[in-house]
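What follows is a set of notes on a single structure, which appears directly below.
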Number of protein chains: 2
Amino acid sequence: MATRTQDAEPLLTPAEVAAMFRVDPKTVTRWAKAGKLTSIRTLGGHRRYRESEVRTLLNGQGPAMERVEVGEL
Amino acid sequence: MATRTQDAEPLLTPAEVAAMFRVDPKTVTRWAKAGKLTSIRTLGGHRRYRESEVRTLLNGQGPAMERVEVGEL
DNA sequence: GACTAATGGGGTAATTCGGGTG
DNA sequence: AGTGTCCGAATTACCCCATTAG
């Protein structure tokens, strides 16, 4: 492999994840506690979530999934 | 902190969609099970619906097909 | 150090799920 | 085939306040 120097991994705050799932930030916290979401804790104890994982979960289970069947609007 | 993530579409809760259609939330669930509505499940199993799709269906005429934003892969 | 906004933790209602029935 | 209601169980939403983030 290569460079294990710096991985700029986009992290999301609970409010961001909650907005994407249309749920309460507290609910996202419960998911993290339940182990359904990978939570990265700050030094103060707050949680941060990986944007890549959140997007994957939002799409259901397929990262390489996209469709371009645009109809009329 | 300020919003660096705008990859989320507006979602609606079953109660919201049910109120818009004047039906029971259970009926909305049946529509989702029948494939007439795109349902996005939360990590807890609850369903969320796309606000854009619901609006399109409310308008009546068009099919259940709407444009999907293809992210940057 | 002080400030505003958000988060964590706990606890309690409200909603939703799933199946079965009218 | 489609919808409304019943039930039990699970999940989620909103209340409090102390701490953390920036």
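Atoms considered below: every heavy atom in the structure, side chains included; atoms not considered: hydrogens, waters and symmetry mates.
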Taking 4.0 Å as the cut-off, does a side-chain nitrogen or oxygen of T27(B) come that near to OP1 or OP2 on dG4(D)? yes
Side-chain N or O of W31(A) versus OP1/OP2 of dT11(D): is the shortest distance under 4.0 Å?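 No, no such contact exists.
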Without decimals, in angstroms, what is the distance between L11(A) CG and dA6(C) P? 19 Å
Return the value, rounded to whole Å, for the distance between atom CG of L37(A) and atom P of dT12(D).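 Distance, rounded to whole Å: 11 Å.
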Using five pairs at each end of the helix from dC3(C)-dG22(D) to dG19(C)-dC6(D) to define an axis, what is the angle between those two axes, to 10°? 60°
Each nucleotide in nucleotides 7-17 of chain C should get exactly one letter: B, S or -. Can you fill that in based on protein heavy atoms under 4.0 Å? BBBBB----BS
Output for pair (R47(A) CZ, T13(A) OG1), nearest 0.5 Å, gives 13.5 Å
Let me confirm one number: the CD1-CG distance from I40(B) to L57(A), rounded to the nearest 0.5 Å. 12.5 Å
I'd like to know if the side chain of R22(A) and the backbone of L11(B) have a donor-acceptor N/O pair within less than 3.5 Å. yes
Going by the rule side-chain hydrogen bond (donor to acceptor under 3.5 Å, both in side chains), which residues pair with R41(B) if we only count those two or more places apart in sequence or in a different chain?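 So R41(B) forms no side-chain hydrogen bond (donor to acceptor under 3.5 Å, both in side chains) with any residue.
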Once ring-ring contact (aromatic ring centres under 6.0 Å, His included) is applied, do any residues pair with Y49(B), and if so which ones, sequence neighbours excluded? none
What residues form a salt bridge (Lys or Arg N to Asp or Glu O under 4.0 Å) with R50(A), not counting sequence neighbours? E9(A)
Using the closest heavy atom to pick a nucleotide of DNA chain D for each, name whichever of T42(B) or L43(A) lands nearer the 5' end. T42(B)
Test side-chain contact (heavy atoms from CB on, under 4.5 Å) on M20(B) and V54(B) and set out the steps. CA-CA 9 Å; M20(B) 294 169 76; V54(B) 172; 3.8 Å; yes
For the side chain of D24(B), counting heavy atoms from C-beta on, which of dT12(D), dT20(D), dT5(D) is nearest? dT5(D)
Where at least one partner belongs to residues 24-40 of chain A, residue pairs that pass side chain to side chain donor-acceptor pair (under 3.5 Å), sequence neighbours excluded: T38(A)-E53(A)
